[in-house]
Amino acid sequence: MISVAVLIGVLIFSLILRTNVKVCEFICRYFVNAYQQVAGRVFAFAPYNVFEALAAVAVLLAITCVTSSIVFLCKKKKSVAGKIMLTLATVVLCVINIYIFTAGFAYNRKGAPVGAYEGEVDADFALQTYAAIVEDYNSLYDKLEKDGDGAVVCPYTRKDLANKIRDAIDSGLTDSYYYKYTPKAKAITCSEIMAQCHVAGITFLPTVEPGYNKDMSMTEQCTTIAHEFAHAKGVMREDEANVVGIYALLNSQDDYLRYCAYFNIVGDITHFLPFENRAELKKQYPLNDGYKAERKKIGEYWETKTLLGNIGEFFNNIYLKINGQKEGTDSYDEKPSTDRIDSGQVDEEGNTIYIEIITQYTKMDRMLLGYCAENLLNTK
């Protein structure tokens with residue numbers, strides 16, 4: 001009981017500390033960073049994902065403790081049943097406290113540095129960025145091998161791809177904000193269970209293991225691994241992990257990694273185009289023929305995974321909200337803030353024609369604008 005009380009006290013104290021951004025930044029930069037360098041190297045020796053084994057042990061332990069307690073209660077041995085449940089509570093509280101230390105504080109850090117564009121964005125600059133991204137994406141598509149449907153074929157094995165992404169993370173995330181140690185990404189052995197839960201990847205920070213679904217398309221694996229690496233480097237908020245992962249891929253020298261980064265974002269940046277002639281401009285800057293083919297394959301894969309419904313999203317939504325992400329799973333995809341203004345014109349029926357304008361770009365938008373200004377448009 002004393003152990004449980006102490007652990008509850010530590011938990012409450014940690015939750016209080018976690019409300020202060022400066023404290024979170026200090027703990028992450030110095031204490032969690034040091035933990036990562038030690039624990040990461042220890043668990044890296046395991047050829048499999050240790051988190052999977054620990055999860056299985058945790059389930060068995062919980063079932064055993066609860067079952068044993070019920071048996072002893074039936075035998076009127078309340079003290080023995082109580083000790084068993086207190087032992088289980090001690091283990092659970094230890095895991096929670098370790099997880100808050102390794103991951104919880106990072107949810108309240110300041111924003112991750114990704115070379116974001118901070119200036120004003122006029123319509124011409126936004127259009128130039130969209131055109132440059134589409135052009136670069138299509139040129140990469142032309143260089144890579146395709147299958148019979150026109151979808152790009154990954155030139156690497158799954159293991160080699162993970163190592164390529166790890167190299168991109170190491171070379172791209174050099175700011176002291178990011179944890180120094182970069183772990184190895186490990187495929188989840190029970191990927192089918194993940195898929196049925198509609199989970200693409202999971203990073204367990206106590207063992208410093210970015211895990212990913214090995215059955216997804218290689219294109220999805222690429223961006224998922226990069227996202228999970230971002231978590232392992234100290235970026236826990238989901239929208240920022242997306243940005244950091246794409247940022248590292250775009251800044252790599254590998255054509256396939258850069259292609260996957262573009263594939264992930266190119267369908268979501270049409271708001272860079274002026275509202276009034278967006279449809280015409282999309283035709284003027286068309287995506288390559290393989291884009292729809294690959295999107296179709298990815299969609300068909302996930303459509304078959306219906307056994308457990310959205311249970312993964314349900315629990316992930318709760319977890320994210322507990323950690324301060326009010327939007328829950330909606331926080332994965334940050335949307336730009338928009339407004340509608342009167343164009344001063346009316347249509348044939350006399351109705352006012354409104355124009356949609358962006359009032360605030362997303363973190364991903366700002367990163368892409370900065371990346372394009374420096375690397376594709378050669379302006380700053």
Side-chain angles (χ1 to χ4, degrees), residues 25 28-47 49-51 102-103 106 109-116 140 154-188 200-212 214 218-238 240-265 363-364 367-368 370-371 374-375:
E25 193 65 35
C28 288
R29 281 181 181 263
Y30 298 100
F31 293 102
V32 184
N33 193 8
Y35 173 88
Q36 294 275 93
Q37 294 182 59
V38 176
R41 288 179 170 85
V42 170
F43 290 106
F45 284 107
N49 197 302
V50 179
F51 165 69
T102 56
R109 298 183 73 183
K110 64 181 185 179
V114 288
L140 290 169
C154 179
Y156 310 116
T157 64
R158 188 171 65 241
K159 183 177 179 181
D160 288 341
L161 177 63
N163 289 332
K164 290 274 185 182
I165 299 169
R166 186 172 187 250
D167 292 341
I169 293 290
D170 267 337
S171 60
L173 307 183
T174 57
D175 192 278
S176 60
Y177 176 95
Y178 302 105
Y179 297 151
K180 187 174 181 180
Y181 178 73
T182 305
K184 294 180 180 179
K186 296 180 180 180
I188 299 293
I202 184 168
T203 297
F204 190 62
L205 271 299
T207 57
V208 201
E209 293 177 302
Y212 62 96
K214 62 182 175 60
M218 296 299 281
T219 307
E220 262 198 307
Q221 285 186 40
C222 181
T223 50
T224 297
I225 292 170
H227 175 98
E228 300 306 328
F229 266 127
H231 285 325
K233 297 290 281 186
V235 184
M236 290 306 296
R237 292 186 291 270
E238 299 297 348
E240 287 190 14
N242 282 340
V243 175
V244 170
I246 296 298
Y247 173 80
L249 294 178
L250 286 178
N251 282 279
S252 74
Q253 300 301 311
D254 187 275
D255 287 344
Y256 183 73
L257 266 57
R258 294 181 63 239
Y259 166 83
C260 290
Y262 282 137
F263 178 85
N264 184 266
I265 57 92
K363 300 180 188 73
M364 182 71 80
M367 183 276 289
L368 293 173
Y371 172 79
E374 185 168 352
N375 298 283

Sub-3.5 Å donor-acceptor pair from the side chain of R166 to the main-chain atoms of A162, do we have one?
no
Are R258 and Q253 packed together at the side-chain level, in the sense that at least one heavy-atom pair is separated by less than 4.5 angstrom?
no
Side chains of V244 and F229: does their closest heavy-atom pair fall under 4.5 Å?
no
Say whether, by atom type as modelled, one donor and one acceptor occur between the side chain of Y212 and the main chain of E228 under 3.5 angstrom.
no
Where the side chain of Y35 meets the backbone of P206, is there a donor-acceptor pair that is under 3.5 Å apart?
yes
Quick one: does I265's side chain get under 4.5 Å of N242's, heavy atoms only?
no
Nearest heavy-atom pair of Y181 and A44: which atoms, and what distance?
OH-CB, 3.7 Å
Determine yes or no for a side-chain-to-main-chain donor-acceptor pair under 3.5 angstrom, with Y178 supplying the side chain and P113 the backbone.
yes
Is any side-chain heavy atom of Y371 less than 4.5 Å from a side-chain heavy atom of I246?
no
By side-chain hydrogen bond (donor to acceptor under 3.5 Å, both in side chains), which residues pair with E209, not counting sequence neighbours?
K186, T207
Looking at CG of L161 and NZ of K164, how far apart are the two atoms once the value is rounded to the nearest 0.5 Å?
9.5 Å
Might you point out which heavy atoms bring M236 and A106 nearest each other, and give the distance in Å?
CG-CB, 3.3 Å
Find out whether Y256 and T219 are in side-chain contact, i.e. whether some heavy atom of one side chain is under 4.5 Å from a heavy atom of the other.
yes
Rounded at 0.5 Å granularity, tell me how far CG in D167 sits from CG in D254.
9.5 Å
Is the backbone N or O of Y177 less than 3.5 Å from a side-chain atom of R109, with the two atoms forming a donor-acceptor pair by type?
yes
Rounded to the nearest 0.5 Å, how far does OH of Y247 lie from CD of E240?
14.0 Å
The reported gap from OH in Y179 to CG in L205 (rounded to nearest 0.5 angstrom) is 7.0 Å
NZ on K233 to OG1 on T203, rounded to 0.5 Å
13.0 Å
So, does Q36 use its side chain to make a donor-acceptor pair with the main chain of K180 at under 3.5 Å?
no
Going by ring-ring contact (aromatic ring centres under 6.0 Å, His included), name the residues that satisfy it together with F51, two or more places apart in sequence or in a different chain.
F204
side-chain contact (heavy atoms from CB on, under 4.5 Å) between L250 and Y262, worked out:
CA-CA 8 Å; L250 286 178; Y262 282 137; 3.6 Å; yes
Work out which heavy atom in A185 is nearest to a heavy atom in I225; give both atom names and the distance.
CB-CG2, 3.8 Å
Applying ring-ring contact (aromatic ring centres under 6.0 Å, His included) to F45 and not counting sequence neighbours gives none
With a 4.5 Å cut-off on side-chain heavy atoms, are S171 and S252 touching?
no
In this structure, CE of M218 is separated from CZ of R158 (nearest 0.5 Å) by 7.0 Å
Check I169 against A248 and note the closest heavy-atom contact, atom names and distance.
CD1-CB, 3.6 Å
K110 and E25 have their tightest heavy-atom pair at N-OE1, 3.4 Å
What are the two closest heavy atoms between A200 and T224, and how far apart are they?
O-CG2, 3.5 Å
How about C222 and L257: do any of their side-chain heavy atoms sit closer than 4.5 Å?
yes
